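Encoded as structure tokens, the structure appears first; notes follow it.
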Amino acid sequence: MSEEHGTPRAPTGTHDVLPPESARWEAFLAGFASLAGRYGFGMVHTPMFEDIRVFHRGIGETSEVVGKEMYEFTDRGGRHLALRPEGTASIVRAFVQHRPPTPWRAWYATPSFRYERPQAGRFRQHHQVGVEVLGSDDPDVDVEVIVLAQRFFESLGLNRFTLSVNSMGDPACRPAYVESLRGFLEGCASDLCAEHQERYAENPLRVLDCKKEACRSATEGAPMLIGALCEECRSHHDRVLEGLALAGVEVHANDRLVRGFDYYTRTTFEFSSEALEGAHNAIGGGGRYDGLVELLGGPPTPGIGFGIGIERALLACDAEGSFDVTPPTPAAFVVDVTGGEAARDLVFRLREKGLFVERAYGGRSMKSQFKAADRSGAPVALLIGNDELASGSVTIRALREAREQVTQTVEALLDGVDKTGAISW
RNA sequence: GUGGUCGUAGCUCAGUUGGCAGAGCGCCGGGAUGUGGCCCCGGAGGUCGCGGGUUCGAGCCCCGUCGGUCACCCCA
């Protein structure tokens with residue numbers, strides 16, 4: 001129950017994933033791997049901790065995540081490190097270090113760590129799958145990346161989610177816009193929510209994303225970045241929207257979408273589930289980060305990517321009653337009441353033939369072994385009693401259909417194993 | 001970091017004005033000679049989260065603490 005008993009438990013905000021739930025995780029990961037593979041992405045593994053500067057420089061000092069939520073530590077050699085709070089910065093660091101040919105398309109699956117108070121859909125260790133494309137600023141790449149995420153959510157059986165898309169501009173147009181927005185906010189500062197009356201100047205864009213009614217109505221007439229884009233950003237954005245329309249992806253234009261990391265430029269997007277209650281309905285998000293590679297010491301290289309929260313996406317599946325994955329059931333369950341040596345041999349030979357087979361251990365009673373056989377979900381029990389042992393045979397008994405049981409030789413049984421991994425008899 | 005709420009068996013939870021710690025499910029064994037599910041019988045399994053206090057007596061009342069959970073903030 002508690003640590004007072006001296007029994008350790010998983011740290012606050014972390015959790016174990018056991019069967020049968022882990023079967024969903026396996027399927028989730030396999031599905032993402034397969035889809036990403038079809039889009040030309042190769043899997044990349046990077047360390048779960050990095051030189052802390054990777055995140056300071058990459059994600060930005062002013063972001064909440066870097067400012068107060070990182071798991072930081074100093075190792076025995078005095079190195080200042082941090083557990084990764086998100087996926088992109090590490091991939092970009094690896095890109096800068098190895099300089100693979102571009103465009104470089106990487107996908108990943110990894111835990112992320114943030115020191116926050118846990119609640120529904122929020123953990124200190126959560127897991128993400130994601131992709132990054134480095135080395136192309138072609139808007140078609142933005143489209144492919146977004147469509148990939150869209151198709152993945154669809155493959156999970158999700159229906160009730162929305163894709164929001166916005167543009168964050170670039171260094172050519174955003175600074176001037178931010179100044180004009182700051183000016184606008186100064187004029188109505190007293191109408192903003194309590195927090196933003198104090199803080200609007202630090203990051204004016206965030207005020208647009210504030211959910212408080214005060215900020216909502218105060219900024220009703222505020223200038224929007226989307227209307228202040230430079231020519232290049234404008235046409236990039238149009239081309240992205242055009243590509244998404246062509247792909248049949250429904251887009252919810254959201255002028256106020258502002259994402260948490262400082263590195264985003266131009267395209268930003270977010271997938272939110274309407275099936276999830278509360279504020280934690282963001283199941284995935286990402287965007288373009290054309291200046292990030294340089295920030296981490298590489299040559300000017302555009303990039304774009306997204307991350308999908310596995311726990312959140314699975315919660316959305318729960319809420320929609322989709323993606324119900326159950327662990328595989330054995331093809332057969334061996335019941336041996338002659339001491340277990342025959343079971344040991346038979347199970348071994350069936351597995352060598354590629355079958356998923358289970359058995360009981362410890363010389364339990366026949367009744368209890370049949371009970372276990374039934375619970376295993378196997379379609380048949382393979383019974384070895386004294387008669388079978390003496391004649392080198394096994395009795396095949398159907399557990400899930402009405403069918404007369406038959407006894408045949410072990411050799412005949414092995415010959416009857418078909419290519420689908422089932423016992424045929 | 002701030003607040004609400006809940007901690008009793010592996011799980012879900014009862015537990016009366018303070019009076020011998022319970023149920024269902026699960027697990028193990030058995031129910032006329034070698035057959036699962038349904039049914040019946042039996043069994044194992046608890047520092048009642050932890051520490052202190054009040055009391056003849058605390059799962060129950062009081063204080064503290066730890067943990068879970070939900071919400072704010074922020075995010076996936």
Side-chain angles (χ1 to χ4, degrees), chain A residues 1-15 18 59 62-69 84-88 109-130 149 153 161 193-196 199 203 206 209-212 258-261 270-273 276-286 306-316 333 335-338 360 362 364-389 395-402 404-405 407:
Chain A
M1 280 297 131
S2 84
E3 215 156 322
E4 306 303 327
H5 279 282
T7 4
R9 37 176 306 128
T12 296
T14 69
H15 53 100
L18 313 177
I59 302 171
T62 66
S63 73
E64 197 91 1
V65 166
V66 165
K68 42 202 286 202
E69 295 179 356
R84 104 158 94 255
E86 58 93 50
T88 302
T110 179
S112 296
F113 305 87
R114 295 178 198 169
Y115 192 87
E116 316 176 84
R117 285 285 291 274
Q119 68 187 74
R122 195 181 70 181
F123 310 94
R124 287 189 175 170
Q125 175 177 339
H126 77 281
H127 301 79
Q128 293 187 17
V129 293
F153 286 127
F161 66 91
C193 77
E195 195 201 330
H196 282 123
R199 306 212 306 156
N203 193 343
R206 200 166 279 310
D209 203 31
C210 183
K211 282 128 205 146
K212 300 260 169 35
V258 175
R259 294 188 42 77
F261 306 135
E270 196 167 281
F271 291 88
S272 52
S273 166
L276 291 181
E277 302 290 330
H280 296 88
N281 55 7
I283 53 179
F306 67 72
I308 289 172
I310 298 182
E311 288 88 348
R312 292 259 180 100
L314 253 18
L315 281 172
F333 191 102
V335 172
D336 175 3
V337 290
T338 66
R364 296 198 287 151
S365 70
M366 181 177 295
K367 173 182 181 133
S368 116
Q369 292 194 47
F370 264 98
K371 222 172 195 168
D374 186 54
R375 266 198 315 266
S376 77
V380 298
L382 303 178
L383 170 63
I384 301 167
N386 291 322
D387 296 347
E388 288 85 354
L389 188 64
T395 295
I396 307 174
R397 177 176 176 79
L399 295 172
R400 303 168 68 78
E401 57 180 330
E404 192 81 8
Q405 68 186 39
T407 300

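This is a predicted model, so every value here is computed, not measured.
With no hydrogens or angles considered, a side-chain donor-acceptor pair links A:Thr395 and A:Glu388 at under 3.5 Å. Remark: the A:His15 side chain and the A:Gln125 side chain contain no N/O donor-acceptor pair separated by less than 3.5 Å.
Distance from the side chain of A:Asp374 is smallest for B:G37 among the nucleotides B:A76, B:G34, B:G37. For A:Arg9, whose side chain is taken as the heavy atoms from C-beta onward, the closest listed nucleotide among B:U35, B:G67, B:A76 is B:G67. Of the candidates B:A76, B:C74, B:G68, B:G68 carries the atom nearest the A:Thr12 side chain, counting heavy atoms from C-beta on. With B:G30, B:G34, B:A71 as the choices, the nucleotide that has an atom nearest any side-chain atom of A:Ser365 turns out to be B:G30.
Rounded to an integer number of Å, the gap from CG of A:Asp209 to C1' of B:C73 is 13 Å. In this entry the distance linking CG of A:Leu315 with C1' of B:U69 reads 14 Å, nearest Å. Rounded to an integer number of Å, the gap from A:Phe123 CZ to B:C70 P is 8 Å. A:Glu311 places its CD atom 13 Å from the P atom of B:U69, with the value rounded to the nearest Å. Protein atom NZ of A:Lys371 is 9 Å distant from nucleotide atom C1' of B:C27, rounded to whole Å. In this structure, CZ of A:Arg397 is placed 10 Å from C1' of B:G37, rounded to the nearest angstrom. Atom pair A:Asn281:CG and B:A71:P shows a separation of 12 Å (rounding to whole Å applied). Counting to the nearest Å, the P atom of B:C11 and the CG atom of A:Leu18 are 12 Å from each other.
Rounded to a whole angstrom, the distance from the P atom of B:G26 to that of B:U17 is 33 Å. For the C1' atoms, the distance from B:G43 to B:A9 is 14 Å, rounded to whole Å. B:G18 and B:A58 have their C1' atoms separated by 6 Å, with the value rounded to a whole Å. Comparing the P positions of B:U5 and B:C62 gives a spacing of 13 Å, expressed to the nearest Å. On the C1' atoms, B:U12 is 16 Å away from B:C27, given to the nearest whole Å. Nucleotides B:C56 and B:G68 place their C1' atoms 36 Å apart, quoted to the nearest Å. For B:U65 and B:C74, the C1' atoms lie 28 Å apart once the distance is rounded to whole Å. Across the C1' atoms, B:G51 and B:G67 are found 15 Å apart, a figure rounded to whole Å.
Between the side chain of A:Arg206 and the main chain of A:Val258, no donor-acceptor pair closer than 3.5 Å is present. In this structure, the side chain of A:Glu86 engages the main chain of A:Thr88 through a donor-acceptor pair within 3.5 Å. Side chain of A:Arg397 to main chain of A:Gln405: no donor-acceptor pair is present (N/O by atom type, distance under 3.5 Å, no hydrogens or angles). Between the side chain of A:Gln369 and the main chain of A:Asp336, a donor-acceptor pair closer than 3.5 Å is present.
Residue A:Arg375 places none of its side-chain N or O atoms closer than 4.0 Å to OP1 or OP2 of B:G26.
Counting atom types as modelled, A:Glu116 pairs a side-chain N or O with a base atom of B:A76 as donor and acceptor under 3.5 Å. In this model, a side-chain donor or acceptor of A:Lys367 finds a partner on the base of B:G31 within 3.5 Å. Contact annotation: side chain of A:Gln119 to base of B:C73, donor-acceptor pair present below 3.5 Å. The base of B:U35 does not come close enough to the side chain of A:Gln369 for any donor and acceptor atom to sit less than 3.5 Å apart.
Annotation: side chain of A:Lys68 is not in contact with side chain of A:Tyr115 (no heavy-atom distance under 4.5 Å).
For the strand RNA chain B, secondary-structure stems (runs of at least three Watson-Crick or G-U pairs, all distances below 3.5 Å) span B:1-7 with B:66-72, B:10-13 with B:22-25, B:27-31 with B:39-43, B:49-53 with B:61-65.
Between A:Ser368 and A:Gln405, the residue whose closest nucleotide on RNA chain B is further toward the 5' end is A:Ser368. Two residues, A:Gly307 and A:Pro118, neighbour RNA chain B, and the one matched to the more 5' nucleotide by heavy-atom proximity is A:Pro118.
A side chain to side chain donor-acceptor pair (under 3.5 Å) with A:Glu311 holds for exactly one of A:Gln128, A:His127, A:His126; it is A:His127.
In this structure, A:Arg124 forms no cation-pi arrangement with A:Phe113, as its terminal cationic atom is not both closer than 6.0 Å to the ring centre and no more than 45° off the ring axis.
Within 4.0 Å (heavy atoms only), A:Ala120 reaches sugar-phosphate atoms of the nucleic acid but no base atom. Contacts of A:Arg124 with the nucleic acid, taken as non-hydrogen atoms under 4.0 Å apart, are absent. The residue A:Gln125 sits apart from the nucleic acid: no heavy atom pair falls under 4.0 Å.
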TODO: Given side-chain contact (heavy atoms from CB on, under 4.5 Å), test A:Ile384 with A:Val335 step by step and report yes or no.
DONE: CA-CA 6 Å; A:Ile384 301 167; A:Val335 172; over 6 Å; no

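Put simply, A:His280 does not rest on the base of B:A76: the two rings are not both less than 5.5 Å apart at their centres and under 30° in tilt.
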